[in-house]
Amino acid sequence: PGEGPLAGRHVLVTAGPTWEPIDPVRYIANRSSGKQGFAIAAAAARAGARVTLVAGPVHLATPPGVNRIDVESALDMAEAVKRALPADIGVMVAAVADWRPVSVAGQKLKKRGSAPPALLLTENPDILATVASRPDRPPLLIGFAAETNDVIKYAKDKRKRKGADWIIANDVSGDVMGGDANAVHIVRGEDVISLPEMPKEEVAHLLVERMIDVFAS
Ligand code: C5P
């Protein structure tokens, strides 16, 4: 810290999946590996930023110089993000679960020999949209959009709907989730930069270069 183009800047990154508890031993999860978000945190730290990484449950080492806060559920992630603000740049990469069980059983649910239990779900808060509407909103706020079709169209919608400055759109119809490579489009309004498929570390490096541009100008 102290040197590099992002020296003196605080970068807040969310990464990984969330786990939504059903009972003490069961949860709902998704296939996010956290690799892209961790790579962005690492690249921002290399650029000299102070980095807070709010991470869902993943099997990844903490990048050098990064302050990592581990969380499990979307509600915990929302709380950790709120506590980590203010930040100069927010990069919401986490694959936050859209829904969580309405109630968490205090004891392990039992097979009763009758009908299986019905899971009643409720919507999780949208962390990106919530951060976007706060008075301490980071001056540069970036979201991700994982889609299987019409990625740029949905990303443009999402950018407006959630109040983000940029949306990084990626096509997850292949093995992006959990894989080591990613092909993304940086959607900044009508201006779209499309990058070819490359390692997630390289995507992270190029994204951080674009972030540096914003603070250099
Ligand atoms: O709506 P969708 O899940 O596709 O939006 C993806 C973007 O919104 C990502 O940046 C993700 O981290 C963020 N998000 C969030 N909180 C949610 C859902 C998504 O911050 N509950």
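Worth knowing before you read on, the calculation uses all heavy atoms, side chains too, and leaves out hydrogens, waters and symmetry mates. Ligands are counted one by one from 1 in listed order, and the atoms in each one are counted from 1 as well.
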Pairwise side-chain contact, Ile22 with Pro117, heavy-atom cut-off 4.5 Å (strictly under) |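 In short, these two side chains do not touch, never coming nearer than 4.5 Å.
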
Cluster link Val91 to Ile193, ILVMFWY, side chain under 4.5 Å |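 Yes; tracing contacts between hydrophobic side chains, which count when under 4.5 Å, links both residues.
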
With sequence neighbours excluded, give me every side chain to side chain donor-acceptor pair (under 3.5 Å) pair touching residues 198-207.
->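 Listed by first then second residue: nothing to list.
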
Could you check Arg210 against Trp166 for side chain to side chain contact (heavy atoms under 4.5 Å, CB included), going step by step and ending with a plain yes or no?
-> CA-CA 11 Å; Arg210 297 289 74 73; Trp166 303 351; 3.7 Å; yes

Considering only heavy atoms, which protein residues lie less than 4.0 Å from any atom of ligand 1?
->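 Within 4.0 Å of ligand 1, the protein residues are Met92, Val93, Ala94, Val96, Pro125, Asp126, Ile127, Leu128, Gly143, Phe144, Lys158, Lys162.
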
Would Asn124 and Glu20 count as a side chain to side chain contact (heavy atoms under 4.5 Å, CB included) if you check the C-alpha gap in whole Å, the side-chain angles of each, and the deciding distance to 0.1 Å?
-> CA-CA 10 Å; Asn124 271 326; Glu20 306 304 324; 3.6 Å; yes

Check: Asp165 side chain, Ile142 main-chain N or O, donor-acceptor pair, under 3.5 Å =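 Here the side-chain-to-backbone pair does not exist.
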
